[in-house]
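Single-structure report; data block below.
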Amino acid sequence: MIFLIYLIVGAFVGTLSGLFGIGGGVIIVPTLLMLFKEQGFSPDITMYMALGTSLATIVVTASSSTLRHYNMGNLLPEVSKKLVIATVFGIMTGGYLANKIEAQTLEIIFISYLYLVSLKMIFYKVTVEDPKKTSTLIFSITGYIIGLKSSILGIGGGTISVPFLTWRGYKMKNAVAISASLGIPISIVGASIYIFNGLGKVTPDHSLGYVYVPAFVGISMTSFFFTKLGAKISTVANQNLLKKFFAVMLIGIAIKKTIGFFG
């Protein structure tokens, strides 16, 4: 039954990845937290397991989404290159910090982040202009912040990279594709760090460090195929309406997590 839920989650986050250029961590992490607690995982490692497993699944969703958008002509590799090096440094910093932060503190940070993302998605409006000249320093600072936040929160980075790129004048379809491409190094480096940090710790059976392999397999199996659906929808759908719908759902998840945490 739980493996079936992993498959359903994978289908959902795969669609989101194709739609918005996000890795789906904002859905995967709270879902895994709930499922891992139901499976009796130790509270001391549950959050780390959710973050590590989320990043591992994003390897598949981000790679698949990037490929779909590349084939559709949406990816701008020259822009991705301006962000990727600083992003990797941010990931490594975040991975180090996450291992030093208590699991409950990480959970509070994640819940707070869900509220912030929800509000931003409700009020943020996409404006299409010609790309503005942007310095290498601005790209580097933004890339570092994307990597830092993604590693600590177990997410792909689209909630920063997409608004940043549209603010700099890139079309939404290009911003989504570039964001998806950044999810590849974010997830590979981030998941590797969580695997390393979890080695030698007491983790559940079928785990590789802080990555729970059954959840990784189940989510990845369906997410790979559903990114194509999301990418196609992104080219014709009303993005502002979709974002508002998604934001309402995130607020519901955040409220549920808040009640569960403090209840």
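Along the sequence shown, the residues carry numbers beginning at 1. Just so it is clear, the model here is predicted, and its values are computed rather than measured. Because only heavy atoms are used, hydrogens play no part in the values below, and waters and symmetry mates are left out as well, while side chains stay in.
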For [X], does the [atom1] atom have more than 12 heavy-atom neighbours from other residues, nucleotides or ligands under 6.0 Å away?
{"X": "E78", "atom1": "CD", "value": "yes"}
{"X": "Y96", "atom1": "OH", "value": "no"}
{"X": "F89", "atom1": "CZ", "value": "no"}
{"X": "K201", "atom1": "NZ", "value": "yes"}

Query raised in the report: Between S181 and T66, do the side chains contain an N or O donor and an N or O acceptor separated by less than 3.5 Å?
Result: no
Query raised in the report: Would you say the side chains of T93 and Y144 form a donor-acceptor pair under 3.5 Å?
Result: yes
Query raised in the report: How far does CD of E102 sit from OH of Y48, to the nearest 0.5 angstrom?
Result: 7.0 Å
Report task. Find the distance between CE (M49) and CG (L35) and round it off to the nearest 0.5 Å. Result -> 12.5 Å
Requested in this report: Please answer whether the main-chain N or O of S151 pairs with a side-chain N or O of Y194 as donor and acceptor at a distance below 3.5 Å.
Outcome: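 Here the side-chain-to-backbone pair exists.
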Query raised in the report: Does any non-hydrogen side-chain atom of T134 lie less than 4.5 Å from one of F139?
Result: yes
Report task. Report the residue from I108, I155, V29 that forms a side-chain contact (heavy atoms from CB on, under 4.5 Å) with Y113. Result ->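 Of I108, I155, V29, side-chain contact (heavy atoms from CB on, under 4.5 Å) with Y113 is met by I155 alone.
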Query raised in the report: Quick one: is the NZ or CZ of R68 closer than 6.0 Å to the six-membered ring centre of F224, and within 45° of its axis?
Result: yes
